[in-house]
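What follows is one structure encoded as structure tokens, with my remarks underneath.
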Amino acid sequence: MLEKLKSEFEKKFGQHDDVRSYFAPGRVNLIGEHTDYNGGHVFPCALTLGTYGVARKREDNKLRFYSLNFEKLGVMESDLNDLKPCKEANWTNYPKGVMWAYEERGYKLPSGLDILIYGNIPNGSGLSSSASLEVLTGVILKDMFGFDVSMVDIALIGQYSENNFNGCNCGIMDQFASAMGKKDNAIFLDTNTLEYEYAPVVLEDAKIVIINSKVKHSLVDSAYNDRRNECETALKELQTVVDIKTLGDLTEEEFEAHKDAIKSEIRQKRAKHAVYENQRAIKAVEALKENDVETFGKLMNASHVSLRDDYEVSCEEIDILVDLAWAIDGVVGSRITGGGFGGCTVSIVKNDAVDHFVESIGAKYKEKVGHEAEFYVVDIGDGAGVLN
Ligand code: GLA
């Protein structure tokens with residue numbers, strides 16, 4: 001793979017003797033959805049799918065980008081003096097955003113770069129292809145220019161660029177998982193403090209299976225930002241009656257006792273999801289530590305119901321996939337994963353049920369929806385880093 005990328009680099013940018021290569025993974029979140037901007041807990045893991053980059057410093061301030069995923073766009077050029085988002089820059093708005101975010105933090109980029117990219121995360125699938133590109137850029141800049149930043153800083157820089165350069169007000173989960181992932185472990189992250197702990201995900205008789213619905217409904221970013229605003233307003237209303245900093249500070253009982261302070265039914269449902277989902281994430285990790293995968297699965301199912309009914313970020317195609325999964329013997333748990341409105345589901349499936357799961361859901365989904373879903377039986381990989 002790397003040799004191929006280097007030879008592509010040479011074709012586009014000339015000889016490749018002094019290039020360096022990098023990788024940043026995508027992620028799947030096991031539980032704790034839409035909690036990361038509500039001061040709650042998340043439990044994602046890095047995938048072995050992700051984004052590869054080959055890069056070299058330049059003598060001038062030019063930036064040249066080429067993606068093997070967008071060959072038709074050709075080599076996209078820019079300049080360090082022009083780090084502003086624009087439509088024509090297309091996917092390069094992600095690496096440019098990270099460069100801009102470094103400079104905002106006071107790290108002046110001493111020269112331009114040639115960067116070739118290849119990603120094997122299906123685009124728009126909700127497995128964080130954009131966060132992986134941001135984290136990849138963060139690692140390239142740290143390595144190329146010797147910037148003194150930690151992997152957590154790289155995650156924060158990625159999130160900052162996504163929020164302020166690319167206009168999606170996302171939380172920290174995706175970039176954190178891509179930067180800090182660890183093979184065979186999920187990351188139990190308190191998004192309020194950024195304290196985290198690795199939890200081994202060793203499923204002796206089961207696999208993690210992702211299904212890509214291959215739908216992405218429009219207005220995802222604006223619906224996402226709406227949810228965020230609704231939760232912020234609900235928090236302010238709750239703060240008139242209870243001393244909390246985030247929705248993640250409340251237990252279910254405390255929420256029930258104070259929820260009438262929230263003056264709209266919709267905001268009450270949104271806040272309920274944020275509070276209960278955070279508690280589910282905490283309970284799920286406890287269950288996993290005790291090897292109680294059954295409880296973990298039940299909490300995943302409850303997470304889906306809450307995302308579907310209270311947070312309203314699911315959609316017909318995803319609900320079909322989850323309902324089909326729930327009906328299969330040997331499915332421990334199944335839910336939507338990621339931001340929502342399409343994208344993927346994540347399921348824990350007993351080893352001896354995996355083949356049937358793929359065949360049966362594959363056929364029924366196609367019949368109901370009219371196009372095929374994609375299945376990935378995944379391994380949990382390491383976080384981003386330098387490859388050579
Ligand atoms: C997207 C965002 C994350 C997180 C999830 C929902 O993936 O980028 O920060 O909010 O949605 O859990």
Side-chain angles (χ1 to χ4, degrees), residues 1-27 46-80 82-83 89-103 107 109-123 127-147 149 151 154-155 157-158 161-162 166 174-175 178-181 183 381-388:
M1 160 77 87
L2 270 189
E3 283 319 306
K4 167 144 195 316
L5 296 186
K6 285 182 186 168
S7 92
E8 291 291 336
F9 185 97
E10 181 162 331
K11 278 191 216 150
K12 294 295 163 200
F13 301 125
Q15 62 76 24
H16 69 256
D17 297 346
D18 48 356
V19 300
R20 308 257 300 155
S21 32
Y22 308 87
F23 175 74
R27 65 95 189 88
L47 298 170
T48 52
L49 299 170
T51 310
Y52 293 82
V54 176
R56 180 178 57 201
K57 277 188 255 189
R58 295 180 55 86
E59 302 288 320
D60 55 18
N61 277 339
K62 259 196 199 160
L63 298 166
R64 293 196 297 172
F65 302 100
Y66 183 76
S67 166
L68 291 166
N69 299 90
F70 298 103
E71 289 183 337
K72 284 206 183 108
L73 294 175
V75 174
M76 316 261 303
E77 294 209 10
S78 189
D79 191 285
L80 279 182
D82 182 34
L83 294 177
N90 203 289
W91 67 271
T92 69
N93 278 316
Y94 289 107
K96 283 174 71 179
V98 172
M99 294 172 181
W100 169 83
Y102 262 95
E103 297 217 327
Y107 296 100
L109 271 54
S111 76
L113 294 155
D114 291 333
I115 304 181
L116 176 128
I117 299 286
Y118 167 70
N120 56 10
I121 307 172
N123 267 327
L127 300 177
S128 295
S129 55
S130 44
S132 82
L133 181 52
E134 288 157 5
V135 169
L136 181 85
T137 310
V139 173
I140 293 177
L141 299 181
K142 172 185 161 81
D143 180 63
M144 286 273 161
F145 301 130
F147 294 143
V149 289
M151 290 308 284
I154 287 179
I157 290 170
S161 73
E162 174 107 28
N166 286 294
D174 305 348
Q175 291 81 5
S178 180
M180 299 294 293
K183 188 173 165 28
D382 279 321
V386 181
L387 293 178
N388 62 342

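Computed from heavy atoms alone, side chains included, the values below leave out hydrogens, waters and symmetry copies.
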Are the side chains of F23 and V386 in touch, meaning some heavy atoms are under 4.5 Å apart? no
If the condition is side-chain hydrogen bond (donor to acceptor under 3.5 Å, both in side chains), which residues does E10 pass it with, not counting sequence neighbours? H16
Looking at every heavy atom in both G97 and S161, which two are closest together, and how far apart are they? O-CB, 3.2 Å
Show your reasoning for whether side-chain contact (heavy atoms from CB on, under 4.5 Å) applies to L113 and M99. CA-CA 11 Å; L113 294 155; M99 294 172 181; 3.9 Å; yes
Under a 4.0 Å N-O cut-off, is there an ion pair linking D79 with K62? no
Check D174 with R27, please: is the shortest side-chain N to carboxylate O separation under 4.0 Å? yes
From OH (Y66) to CZ (F13), nearest 0.5 Å: 9.0 Å
CD of E3 to OG of S21, rounded to nearest 0.5 Å, is 8.5 Å
Do other residues, nucleotides or ligands put more than 12 heavy atoms under 6.0 Å from E59 CD? no
Kindly indicate whether the side chain of T51, heavy atoms from C-beta on, has any atom under 4.5 Å from the side chain of Y118. no
Let me see the working for L47 and I121 under side-chain contact (heavy atoms from CB on, under 4.5 Å), right down to the final yes or no. CA-CA 9 Å; L47 298 170; I121 307 172; 5.8 Å; no
So do the side chains of L68 and L5 get within less than 4.5 Å of each other, counting heavy atoms only? yes
Tell me, with the steps shown, if L116 and Y52 meet side-chain contact (heavy atoms from CB on, under 4.5 Å). CA-CA 8 Å; L116 176 128; Y52 293 82; over 6 Å; no
For the student: nearest non-hydrogen atoms of A89 and K96, plus distance: CB-NZ, 4.1 Å
What heavy-atom pair brings A46 and P25 nearest, and what distance separates the two atoms? CB-CG, 3.7 Å
Nearest heavy-atom contact between N61 and P110 is OD1-O, 4.4 Å
Can F65 and E77 be said to form a side-chain contact (heavy atoms from CB on, under 4.5 Å), step by step? CA-CA 6 Å; F65 302 100; E77 294 209 10; over 6 Å; no
Could you measure the distance from the CG atom of N166 to the OG atom of S130? Nearest 0.5 Å is fine. 8.0 Å
Sequence neighbours left out, what pairs pass salt bridge (charged side-chain N to carboxylate O under 4.0 Å, His left out) with at least one residue falling in residues 135-146? R20-D143
Decide yes or no for M144 and Y22: does some side-chain heavy atom of the first lie under 4.5 Å from some side-chain heavy atom of the second? yes
With Y107 via ring pair (Phe, Tyr, Trp, His ring centres under 6.0 Å) - residues at least two apart: Y102, F147
Does K183 offer a backbone N or O that forms a donor-acceptor pair with the side chain of D382 under 3.5 Å? yes
Which pair of heavy atoms, one from G53 and one from I117, lies closest together, and at what distance? CA-CD1, 4.4 Å
Hey, could you give me the OG/CE distance between S67 and M76, rounded to the nearest 0.5 Å? 9.5 Å
Is the backbone of Q15 close enough, under 3.5 Å, to the side chain of R56 for a donor and an acceptor to pair up by distance? yes
To check you understand the geometry: which heavy-atom pair defines the closest contact between R64 and V75, and what is its length? CB-CG1, 4.0 Å
When rounded to the nearest 0.5 Å, the distance separating CG of D82 from CG of L63 is 9.0 Å
From the list K12, K6, K11, side-chain hydrogen bond (donor to acceptor under 3.5 Å, both in side chains) with E8 holds only for K11
Approximate separation, where rounding is to 0.5 Å, of F145 CZ and I140 CD1: 10.0 Å
